[in-house]
Each structure stands twice: as C-alpha cells, then as structure tokens.
Amino acid sequence: MQNQARIKTILTAKPIDQDVTLNGWLKSRRESKGLTFLDITDGSCLNGIQVIAESTLRNYTSEISKLTTGCSVAIEGRLVSSPAKGQDVEVHAKKISVLGWADPETYPLQKKRHSFEFLRSIAHIRGRTNSLGAVARIRSRLSWALHHFFAKRGFFQIHTPVITTSDCEGAGDMFTVTSLDLGQIPFDKNKVDFSKDFFGRPASLTVSGQLEAEAYALALGNVYTFGPTFRAENSHTSRHLAEFWMIEPEMAFCDLEGDMDLAEEMLKYVVKDCVDNCPDDIDLFNRFIDKNLAAKLSSVLENDFARISYTEAVDKLTQSGQKFDYPVKWGIDLQSEHERYLAEELYQRPVIVTDYPKTIKPFYMRLNNDGKTVAAMDILFPGIGEIVGGSQREERYDILQERMKKANIPLENYEWYLDLRRYGTVPHAGFGLGFERLVQFVTGMSNIRDVIAFPRTPGVA
RNA sequence: UCCUCGGUAGCUCAGUCGGUAGAGCAGGUGGCUGUUAACCACCCUGUCGGCGGUUCGAAUCCGUCCCGGGGAGCCA
C-alpha cells in the first residue's frame with residue numbers, strides 16, 4: 001500500500017481516461033438505479049472526488065450500498081470526464097475495498113453543518129470536516145512560509161528550552177514543572193523544598209524564548225524561535241490559549257525601525273504566500289465564515305501599516321469624540337476598545353503603535369531619550385487586536401541593571417542576561433508573533449480554539 | 001476572576017400565560033431518480049445540565065452548583 005495518489009494530485013493533473021487509485025473517507029453517498037455515487041475526500045485539499053460505483057461490482061450489495069459517512073475506502077478505477085454538472089471529472093470504480101466502517105448510529109459527523117462548539121468536543125474527529133481541515137492546511141502553510149521567510153533572509157532557527165528557571169517576563173502565571181511526589185512534598189520551614197526537586201530549584205514551562213534568543217542573536221546575528229509557549233492564566237476569551245505557538249525573531253545591530261520593517265515584511269510575505277497557495281481553502285472561509293475576509297487580507301497586502309507613537313495614539317483617541325468605557329489618559333495601557341478603534345475605524349488597516357510609557361512595559365525594553373517611554377511596538381490587526389509585540393532591547397548595562405532592580409528582578413538569576421551587556425553588547429531588537437492569532441486572521445475564524453488541533457484552555461487538556 | 005447570554009432527541013433548534021415535549025436533519029424501512037449536504041412516504045428517538053425549593057401541577061418561577069458561548073481584564 002502506498003499513499004501517493006492524493007486527490008489533490010489527481011484533480012490537478014486530471015489524467016483523463018487513465019487508471020487511478022485513491023484512498024480516502026466517504027463524505028456522502030447517493031444511490032441511484034443500478035449505481036451509487038460516492039464523495040471521497042482524503043484531506044489533501046478541500047475538494048473531494050466523485051466516484052461512480054456500478055451494481056456490477058462484486059461487493060456492491062454486500063458492502064458498497066451499506067457505506068455511510070466516515071467510512072474509509074481504497075478505490076481503483078478510471079478517471080473520466082463527468083457527464084453531469086457539479087464536477088469536471090469523476091472516477092469510474094473497478095474495485096472498491098472497505099478499509100474501515102463507521103457505525104452511523106454513533107459516528108458524530110453528519111452530512112450537515114455542525115457548530116464549532118460541538119466540533120470542539122470531538123477534537124480527534126473534527127479535522128475531517130471541511131472547515132477544520134482547511135484550517136489545518138492553512139496553518140501548515142503559514143508555518144512553512146514563516147520558516148521560508150526567515151531562511152531567505154539568512155536567519156537561523158534556535159530551539160530554545162521549553163523548561164525554564166527564569167521568570168522575569170511578567171508574562172502571566174507559569175506552569176510549574178516538577179518530579180516531586182505531590183502526595184509527599186518536601187517542606188523546609190513551610191516552603192516547598194525545591195532543592196530536592198529534579199532541577200534543584202523551581203522550574204516551569206516557558207512563557208517566552210526571547211531571552212535565550214537574545215543570547216544567540218548576539219552570536220549569530222539574526223535568529224528566530226518558533227515553538228510552544230505556556231501561560232497558566234485563567235483566561236476565557238476567544239484569543240487566549242494556555243498552550244500556543246509563538247515566533248520570536250531577534251536581530252543584532254538593529255533598532256526599533258528595523259524591527260518594525262521586518263515584522264511588516266514578514267506578515268505581508270506569509271499572508272501573500274497563503275493567499276497564493278491556498279486559494280480554495282481561503283475561499284471557503286470567505287464564503288462561510290467571514291464575507292469580508294478577502295478584502296481584509298488584500299488590505300494588509302496593499303497598504304503600508306500605519307505607524308503612530310503611543311502619545312499620538314492617545315491624542316487621536318481623546319480627539320476622536322468616541323465614548324470609551326475606559327477613558328484614555330497618557331500613562332494607561334491601551335484597552336481592547338482603544339486598539340479596536342485605531343485599527344478598525346480610524347485607520348482600517350494594521351496599525352503599529354510605538355514608544356509606550358516605560359511604566360507599563362517590561363524591564364528589557366530600551367529606554368528612550370525622553371526618559372519616560374521605551375522603544376516598544378505593538379502591531380494591531382483589525383478584528384484580532386494585538387498580533388505582534390516587540391521592542392528594541394536595552395543594551396546599556398547600567399540602565400538595564402537599574403531597571404531590573406526597580407522591577408524587583410532577582411539579579412543573581414540573570415547574571416547570564418547581564419553578561420550579554422557586559423561583553424560585546426550591541427543594539428538589538430525583536431518581537432513575538434502569536435501564531436494562532438495569525439492563523440485566525442488568515443482564516444477569519446473567530447475562536448482561537450478552532451485554529452489549533454487540540455486546544456488547551458482552563459479545564460481542558 | 002468579573003459581566004452577560006445560554007444548556008430541551010445523535011446534531012441544529014422551537015416550546016405562548018406554569019397544565020405534563022415538538023420540527024428539520026441524522027438513523028431505520030420502502031420507493032424513485034446520472035445523483036450533487038438528492039428526492040418522496042412511513043417508523044424510531046428524551047434523566048428538558050445536576051441538586052434543592054415554590055405549586056394541585058415546573059422545560060417554564062426561585063435558589064444553588066456544573067458546563068458552554070460572547071464580552072472584559074491579562075496578554076501573543
């Protein structure tokens with residue numbers, strides 16, 4: 001058995017009047033006098049292929065007429081032009097083998113639309129639906145395009161650790177990693193004695209690979225990470241996961257301007273790649289999920305991203321005359337409603353907001369000359385909100401140390417990070433891209449739990 | 001964690017003023033047709049999320065807990 005005859009290949013090459021073999025799952029079966037129509041998909045593309053089974057086939061009454069949605073089959077036949085409307089070509093079967101039955105009384109998928117909530121409850125099966133299959137193909141293509149983008153620019157991928165002992169990001173609560181027997185936790189003066197734990201100290205799942213990426217940017221120049229990231233935040237929203245994938249480029253000899261340029265180029269490159277290479281899947285989302293999807297995607301491709309400073313953004317928001325639940329004031333973090341107004345109403349395209357007050361951003365962001373703001377940038381997408389967060393990093397040893405002290409960072413755990421400034425420090429910058437949010441944007445899917453195969457959220461793993 | 005809306009057949013949902021549960025799809029049987037999430041007829045399907053309360057009587061009203069959607073916070 002070989003898995004080479006994929007439906008996508010057959011539909012592309014269309015070897016009319018030649019023999020083909022294909023394997024797949026039955027989407028729907030229609031019976032007519034003396035023959036049965038089978039719609040077969042194999043996941044290689046959105047479209048299936050129609051197979052004609054005539055009653056002369058050996059197992060016609062014993063098996064073929066009993067096939068139902070979800071059964072798996074292997075088919076040998078001849079590809080012919082279809083005499084009926086609805087498809088160019090179809091397969092006249094010479095042999096149909098049933099590989100696996102799917103009891104229609106219990107098989108959860110039907111020949112109808114299901115709610116995404118229901119499909120979430122059958123995550124192991126939902127990839128067989130049109131929409132979730134298309135999500136998976138687009139996600140794969142976006143991942144490939146990101147790697148391709150960085151490779152073309154001479155970036156090196158760094159595999160940063162998933163288990164970490166640094167907690168400095170302030171990026172939400174972390175999951176503890178331990179090999180201690182939780183029934184018999186060793187205590188030392190009412191505190192857990194982590195010296196008896198596997199790593200001899202508290203360890204957790206990473207919330208970001210940025211600090212480690214910085215180390216290798218200061219060795220290889222341009223690097224990026226692309227891996228799973230974990231937040232133990234009790235978030236119940238359509239934009240948050242406890243386990244998600246993040247892309248974090250980091251560039252030596254680069255300032256905030258270069259950082260923004262790279263982010264904008266990257267987003268345009270991967271969206272264009274997907275639009276060019278997944279037209280059928282994107283069309284599905286444009287028809288059934290978000291009627292404005294095509295327009296939103298081309299607006300990203302055709303326009304420069306708006307770039308404004310935080311201070312300008314605050315001015316625009318206060319002058320807008322809009323009523324906000326949270327009044328805008330210099331010094332506060334922008335709320336979702338503010339970000340939405342900027343991206344969806346004022347500019348109606350992606351917006352990059354820069355130079356936030358230092359008080360609302362982490363210690364590693366580079367202090368600007370005004371002493372009040374840092375060289376940070378957030379990219380806001382219409383409908384998604386923040387998709388990228390980045391900054392130029394503080395490369396000056398004294399200033400960095402000062403900011404770490406003020407943020408109550410235990411310096412002894414970060415001597416290695418300070419070493420990067422002690423020895424051959426250089427200006428450098430980078431950002432983080434939430435991969436699922438990118439997939440959400442390209443597909444128009446409204447819930448982040450539907451753009452990752454097996455979503456992990458509070459109470460669900 | 002907070003606000004809000006929901007939980008009724010395998011799925012999607014309706015259910016009036018509190019009077020004892022219904023439609024489409026799926027499934028089963030039969031029919032018909034180069035069919036297109038086929039069509040026609042008949043049949044089957046329920047702990048009305050759990051527990052407690054009010055009432056002669058609760059899917060319906062009240063309390064509480066669980067679960068899900070949407071929004072907020074936090075962030076990517």
Side-chain angles (χ1 to χ4, degrees), chain A residues 26-39 41 47-54 66 68-70 80 82-87 90 92 102-122 129-130 169-173 207-210 227-248 263 288 324-326 332-340 360-362 378-381 384-390 431-441 446-452 457-460:
Chain A
L26 184 69
K27 207 120 213 181
S28 135
R29 183 174 66 84
R30 295 175 293 277
E31 219 166 55
S32 192
K33 195 186 181 83
L35 70 165
T36 285
F37 299 90
L38 306 173
D39 285 343
T41 57
N47 289 321
I49 199 161
Q50 174 162 280
V51 174
I52 317 301
E54 298 200 11
K66 292 176 182 160
T68 53
T69 302
V80 298
S82 177
K85 282 181 183 166
Q87 59 281 317
E90 60 190 25
H92 277 224
D103 181 359
E105 296 280 359
T106 54
Y107 186 65
L109 293 181
Q110 302 170 9
K111 295 188 285 187
K112 58 167 273 193
R113 222 189 106 76
H114 293 281
S115 68
F116 288 120
E117 289 87 345
F118 171 67
L119 294 176
R120 243 170 257 156
S121 72
I122 48 165
T129 62
N130 287 343
E169 297 269 317
D173 295 328
V207 294
S208 164
Q210 179 199 313
T229 309
F230 307 88
R231 306 274 167 92
E233 203 65 49
N234 190 17
S235 293
H236 295 267
T237 81
S238 55
R239 308 182 304 283
H240 290 88
L241 291 166
E243 176 183 295
F244 64 99
W245 289 67
M246 189 152 66
I247 298 99
E248 294 176 289
F288 297 115
F324 295 112
D325 291 337
Y326 293 83
I332 64 147
D333 207 352
L334 296 180
Q335 308 292 308
S336 286
E337 56 175 347
H338 305 144
E339 297 181 346
R340 210 174 305 126
I360 58 172
K361 288 292 183 185
D378 284 357
I379 302 187
L380 313 177
F381 263 33
I384 303 288
E386 185 180 339
I387 194 167
V388 161
F431 62 83
L433 166 74
F435 184 55
E436 281 75 16
R437 290 189 182 173
L438 177 65
V439 181
Q440 271 189 283
F441 181 74
S446 56
N447 197 310
I448 200 167
R449 292 163 210 172
D450 300 325
V451 298
I452 186 167
T457 52
V460 180

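- Rounded to whole angstrom, the span from the CG atom of Leu35(A) across to the C1' atom of rU35(B) amounts to 8 Å.
- Residue Arg231(A) places a side-chain atom within donor-acceptor reach of the base of rA76(B), judged by atom type and a 3.5 Å distance cut-off alone.
- You won't find any donor-acceptor pair under 3.5 Å spanning the side chain of His114(A) and the base of rC11(B), going by distance alone.
- The partner of rU35(B), taking Watson-Crick or G-U wobble pairs whose two distances both stay under 3.5 Å, does not exist in any strand shown.
- Along RNA chain B, the nucleotide closest to Phe118(A) and the one closest to His92(A) are compared, and the more 5′ of them pairs with Phe118(A).
- Spacing of C1' atoms, rA38(B) relative to rC32(B), comes out at 11 Å, to the nearest Å.
- The nucleotide rG24(B) finds its pairing partner in rC11(B), both defining distances of the Watson-Crick or G-U wobble pair being shorter than 3.5 Å.
- Judged by atom type and distance alone, Glu31(A) does not reach the base of rU33(B) through any side-chain donor-acceptor pair under 3.5 Å.
- In this structure rA41(B) sits in a base pair with rU29(B), meeting the Watson-Crick or G-U test at under 3.5 Å.
- Donor-acceptor pairing under 3.5 Å, judged by distance alone, is present between the side chain of Arg437(A) and the base of rC75(B).
- Interface remark: the Gln50(A) side chain does form a donor-acceptor pair with the rU35(B) base, using a distance-only criterion of under 3.5 Å.
- Counting distance only, with no hydrogens placed and no angle test, the side-chain atoms of His338(A) and the base atoms of rG73(B) include no donor-acceptor pair under 3.5 Å.
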Let me have a per-nucleotide readout for nucleotides 23-30 of chain B, 5' to 3', with B, S or -, counting only protein heavy atoms under 4.0 Å. -BSSS---
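- Partner assigned to rA72(B) is rU1(B), using Watson-Crick or G-U wobble distances below 3.5 angstrom.
- Under 3.5 Å, the side chain of Glu90(A) and the base of rG34(B) form at least one donor-acceptor pair of N or O atoms.
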